[in-house]
Amino acid sequence: MQIFDHPEFDHHQQIVFGGDEASGLRAIIAIHDTRRGPALGGLRIYPYASEADALTDVLRLSRGMTYKSALADLPLGGGKAVIIADPRRDKTPAMLCAMGRLVESLGGRYITAEDSGSGEEDMRLIRQETSHVSGLGHDGNSGDPSPFTAHGVFCALKSAVRHRLGRSDLQGLRVAIQGVGHVGAHLARELHEAGAKLVLTDVDRDNLGMLVSELSAESVTPDAIFDADVDVFAPCALGAVLTDEVAERLKAKVICGAANNQLATAAVAGRLQARGILYTPDYVANAGGVIEVEAQRHQRYNRDSVMRHVERIAETVDEILGRAQSEDKSPAAVADQLARERLAD
Ligand code: NAD
């Protein structure tokens, strides 16, 4: 397995492989960049088909965190951790405690938090071994960052709609949401309140059914979401969903959603641009969660100021889209360039 020559290596500062015989832990922590502060990023627990897949995922996600935090103006670097295990079958308190010791061994260079496959309860177990963990809530409130992520996506979406469709209200705007889990459901409710008409899908038909009746929305099968006759497509389920094929099928003129690493390849950004589809860079739109998780680490937590910070995502999207238009580049390329400029400052 290549490390330094890995296509996603991209100058990572440190990659740690950790194991624990007693609990069966097999984990990788990737620290991409700490120039702006400690590397904060969630812990993903997933039954990767191979160690190579786990490494590729953690490297891509960790670099994404560097760029996300830089553009959200947070005093943080970028990192991420993965455990190779099925969260429903293999996850045990002993494994999470061993993970906590691995995080502790890095002395605060990496701060962990929840991600897919790990939750608040898991973070409490990890905290038994290390203080370098966030997302545990504040003053008895839940640490779930999803409402903040959803609100940031909502603000980014309004900005993208203004740029591409020239309108500042969402009344009657048609939005397709792929995945109505933690973030997608909050986003759907905010959009409904703002007057948007929703087309929803999810592989979990029960959850979907309840939301569809609550919001008088339309529902379609998971594969049909790409063909929906809508103004906006909001991917809130999986990564790598924007393939060349999907770029050709979409009827939406704007893409803005919460999923990480939405572009299957960098080249898809060009295809979308050629079709006149405005792609809002995912790590800019979905930064609300990390803004909240960072705030939870500090004693003087103030929900209103977190919300104001999350709403500034719209200004960053405005700057990126304005620059993309004047420089005739894709928003994805401009976002990466802006993040690198901030890191070099
Ligand atoms: P979640 O697991 O709660 O929701 C994902 C939903 O997508 C689930 O309901 C699932 O059934 C559905 N789904 C899975 N495969 C699907 C498919 N093929 N078609 C349609 N639906 C499908 O996750 P979440 O916390 O809501 O996060 C959603 C996305 O946003 C993830 O990619 C996550 O990495 C990203 N993200 C989340 C946060 C956060 O604060 N939770 C922050 C940043 C990024």
Side-chain angles (χ1 to χ4, degrees), residues 7-8 10 60-61 63-64 67-68 71 149-150 152-167 170 173-179 183-184 187 191 196 198-201 220 222-287 313-340:
E8 306 290 344
D10 193 23
R60 289 191 73 193
L61 290 163
R63 190 192 80 138
Y67 284 18
K68 185 185 301 201
L71 286 192
T149 305
V153 172
F154 177 75
C155 296
L157 186 151
K158 281 204 296 190
S159 164
V161 163
R162 208 169 46 246
H163 278 265
R164 180 63 184 85
L165 304 175
R167 48 181 293 184
L170 304 185
L173 185 87
R174 288 176 55 82
V175 183
I177 304 182
Q178 181 192 38
V183 181
L187 177 65
L191 287 166
L198 302 173
V199 180
L200 308 177
T201 196
V220 294
D223 189 55
I225 197 74
F226 306 117
D227 306 312
D229 190 9
V230 291
D231 305 298
V232 180
F233 173 56
C236 295
L238 320 156
V241 70
L242 301 174
T243 59
D244 281 329
E245 190 224 327
V246 166
E248 292 307 318
R249 273 169 74 182
L250 285 177
K251 297 200 172 71
K253 291 287 176 233
V254 171
I255 300 172
C256 183
N260 283 312
N261 295 335
Q262 289 168 26
L263 296 168
T265 64
V268 176
R271 293 250 21 94
L272 292 169
Q273 200 186 6
R275 286 206 60 222
I277 301 173
L278 188 158
Y279 164 70
T280 316
D282 45 18
Y283 62 78
V284 181
N286 72 15
I313 288 175
E315 292 163 29
T316 310
V317 173
D318 283 342
E319 183 181 351
I320 290 166
L321 299 184
R323 216 163 128 174
Q325 195 170 10
S326 63
E327 295 176 12
D328 194 23
K329 288 184 178 156
S330 73
V334 171
D336 285 358
Q337 190 182 323
L338 197 61
R340 283 193 289 268

Val317 and Lys158: CA distance, side-chain angles, deciding distance, side-chain contact (heavy atoms from CB on, under 4.5 Å) verdict
CA-CA 10 Å; Val317 173; Lys158 281 204 296 190; over 6 Å; no

Going by an N to O cut-off under 4.0 Å, is there a salt bridge joining Arg249 and Asp223?
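Salt bridge flag = yes for Asp223 with Arg249.
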
N/O donor-acceptor pair under 3.5 Å between [X] side chain and [Y] backbone:
X      : Y      : value
Thr201 : Val220 : yes
Gln273 : Lys329 : yes
Arg275 : Leu250 : yes
Lys251 : Val230 : no

Arg164 vs Asp231, salt bridge (Lys or Arg N to Asp or Glu O under 4.0 Å): CA-CA, chis, key distance, verdict
CA-CA 10 Å; Arg164 180 63 184 85; Asp231 305 298; over 6 Å; no

Under 6.0 Å from the CD atom of Gln325, do we count more than 12 heavy atoms belonging to anything else shown?
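Counting other residues, nucleotides and ligands, CD of Gln325 stays at 12 neighbours or fewer.
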
Quick one: do Val246 and Val241 satisfy side-chain contact (heavy atoms from CB on, under 4.5 Å)? Show the steps, please.
CA-CA 8 Å; Val246 166; Val241 70; 5.6 Å; no

How close do [X] and [Y] get, heavy atom to heavy atom, and via which atoms?
X      : Y      : result
Gly322 : His163 : N-CE1, 4.0 Å
Val284 : Ala335 : CG2-CB, 4.2 Å
Ile177 : Cys236 : CG2-SG, 4.1 Å
Pro331 : Ile320 : O-CG2, 3.6 Å
Gly257 : Ala285 : O-CB, 4.0 Å
Lys68  : Tyr283 : CG-O, 3.1 Å

Could you check if a side-chain atom of [X] sits within less than 4.5 angstrom of a side-chain atom of [Y], using non-hydrogen atoms only?
X      : Y      : result
Ile255 : Pro235 : yes
Arg63  : Asp336 : yes
Arg162 : Asp318 : yes

Can you tell me how far [atom2] of [Y] sits from [atom1] of [X], rounded to the nearest 0.5 angstrom?
X      : Y      : atom1 : atom2 : result
Ile313 : Leu157 : CD1   : CG    : 12.0 Å
Leu238 : Asn260 : CG    : CG    : 11.5 Å
Arg271 : Ile277 : CZ    : CD1   : 9.5 Å
Cys256 : Gln262 : SG    : CD    : 8.0 Å

Go through it in stages, so that I can follow the logic: the residues are Leu242 and Leu263, the test is side-chain contact (heavy atoms from CB on, under 4.5 Å), and I'd like the CA-CA distance, side-chain angles, deciding distance and then a yes or no.
CA-CA 5 Å; Leu242 301 174; Leu263 296 168; 4.1 Å; yes

For residues Thr149 and Asn286, is any side-chain donor paired with an opposing acceptor at under 3.5 Å?
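Short answer, no.
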
Checking side chain to side chain contact (heavy atoms under 4.5 Å, CB included) between Leu191 and each of Leu173, Leu198, Val153, which is the one that passes?
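One option only clears the test, and that one is Leu198.
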
Kindly determine whether Val268 and Asp244 satisfy side-chain contact (heavy atoms from CB on, under 4.5 Å), including the steps that lead there.
CA-CA 6 Å; Val268 176; Asp244 281 329; 3.7 Å; yes

